[in-house]
Amino acid sequence: MSDQTLQLMSLAEHLEAFIQTVVSEAVTVQKYGGTLFTLKPEQKEGQFCGVFIYNTHVQLSFSQGARLEDPEKLLRGTGKHRRHINFLSADELDFDALETLLKQAAQF
């Protein structure tokens, strides 16, 4: 495995642990090649975010991202519902802003 792949895997694990800390009641589901976080594992609608590893970045995707207040302008995407943030390294993680987004997302 390349150093970049190992770094991205470590970044994803770090991000997943942070999500679990912020929304401690969330359950993880391995699906679509990533880790989904849900408050209702028996319902698709309960999934509020997911972490996905790509070749060059790790993506944090929000199921209802278009509804989130994003004062830091971190979210990307133009779809009807979903928004995401791409991370190249752990240095890019703004934990305060992410916590705000995650808490909002878990309420939908």
Side-chain angles (χ1 to χ4, degrees):
M1 241 181 257
S2 73
D3 285 344
Q4 181 180 11
T5 300
L6 292 173
Q7 288 174 347
L8 293 174
M9 289 172 65
S10 176
L11 172 57
E13 289 173 6
H14 194 69
L15 190 53
E16 290 173 8
F18 179 71
I19 294 166
Q20 199 68 64
T21 299
V22 173
V23 187
S24 60
E25 64 274 20
V27 174
T28 59
V29 177
Q30 299 301 313
K31 200 169 188 179
Y32 309 122
T35 302
L36 297 177
F37 290 82
T38 181
L39 296 174
K40 301 174 186 175
E42 67 285 349
Q43 299 175 11
K44 183 178 180 183
E45 291 75 26
Q47 300 167 2
F48 62 91
C49 75
V51 176
F52 303 90
I53 301 173
Y54 291 90
N55 290 335
T56 60
H57 64 277
V58 172
Q59 184 177 92
L60 172 58
S61 178
F62 292 94
S63 301
Q64 295 294 321
R67 297 173 63 187
L68 301 178
E69 291 183 28
D70 179 23
E72 302 296 325
K73 307 291 185 220
L74 298 175
L75 298 173
R76 300 290 176 250
T78 58
K80 188 174 182 180
H81 301 287
R82 300 183 74 76
R83 295 290 183 271
H84 65 273
I85 307 170
N86 293 335
F87 299 101
L88 301 175
S89 72
D91 297 336
E92 297 177 330
L93 297 174
D94 179 342
F95 292 108
D96 291 335
L98 290 176
E99 182 174 356
T100 299
L101 292 171
L102 290 164
K103 286 180 177 179
Q104 287 181 71
Q107 293 179 2
F108 291 119

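Nothing fancy with the numbering, it's 1 onward along the sequence.
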Compare every heavy atom of [Y] with every heavy atom of [X], then report the nearest pair and how far apart it is.
X: A97; Y: L74; answer: CB-CD1, 3.6 Å
X: V51; Y: V58; answer: CG1-CG1, 3.7 Å
X: K40; Y: T38; answer: N-OG1, 2.9 Å
X: K80; Y: A66; answer: O-CB, 3.6 Å

Please identify each residue that fulfils side chain to side chain donor-acceptor pair (under 3.5 Å) with [X], with sequence neighbours left out.
X: Q59; answer: N86
X: S89; answer: none
X: S2; answer: T5

With a 4.5 Å heavy-atom cut-off, do [X] and [Y] have their side chains touching?
X: F52; Y: Y32; result: yes
X: I85; Y: F62; result: yes
X: L39; Y: E25; result: yes
X: L88; Y: L8; result: no

Heavy-atom neighbours of E69 CD exceed 12 at 6.0 Å = no
With sequence neighbours left out, which residue pairs that include part of residues 68-94 fulfil the ring pair (Phe, Tyr, Trp, His ring centres under 6.0 Å) condition?
-> none
Show every donor-acceptor pair shorter than 3.5 Å between a side-chain atom in residues 9-23 and any protein atom, with sequence neighbours excluded, or say none if there are none.
residue, atom, partner, partner atom, Å
E16, OE2, T35, OG1, 3.0
Q20, NE2, S24, O, 3.3
Q20, NE2, A26, O, 2.8
T21, OG1, A17, O, 3.0

Does anything in residues 93-108 pair up under side chain to side chain donor-acceptor pair (under 3.5 Å), and if so which pairs, sequence neighbours excluded?
-> E99-K103
Test item: S63 side-chain N/O and Q47 main-chain N/O as donor-acceptor pair under 3.5 Å = yes
Backbone of T78 reached by a side-chain donor or acceptor of R82 within 3.5 Å = no
Rounded distance [0.5 Å steps], CG in L101 versus CG in L68 = 6.0 Å
Taking atom SG of C49 and atom CZ of F37, what is their separation to the nearest 0.5 Å?
-> 6.0 Å
If you group Ile, Leu, Val, Met, Phe, Trp and Tyr by side-chain heavy-atom gaps below 4.5 Å, do L75 and F108 land in one group?
-> yes
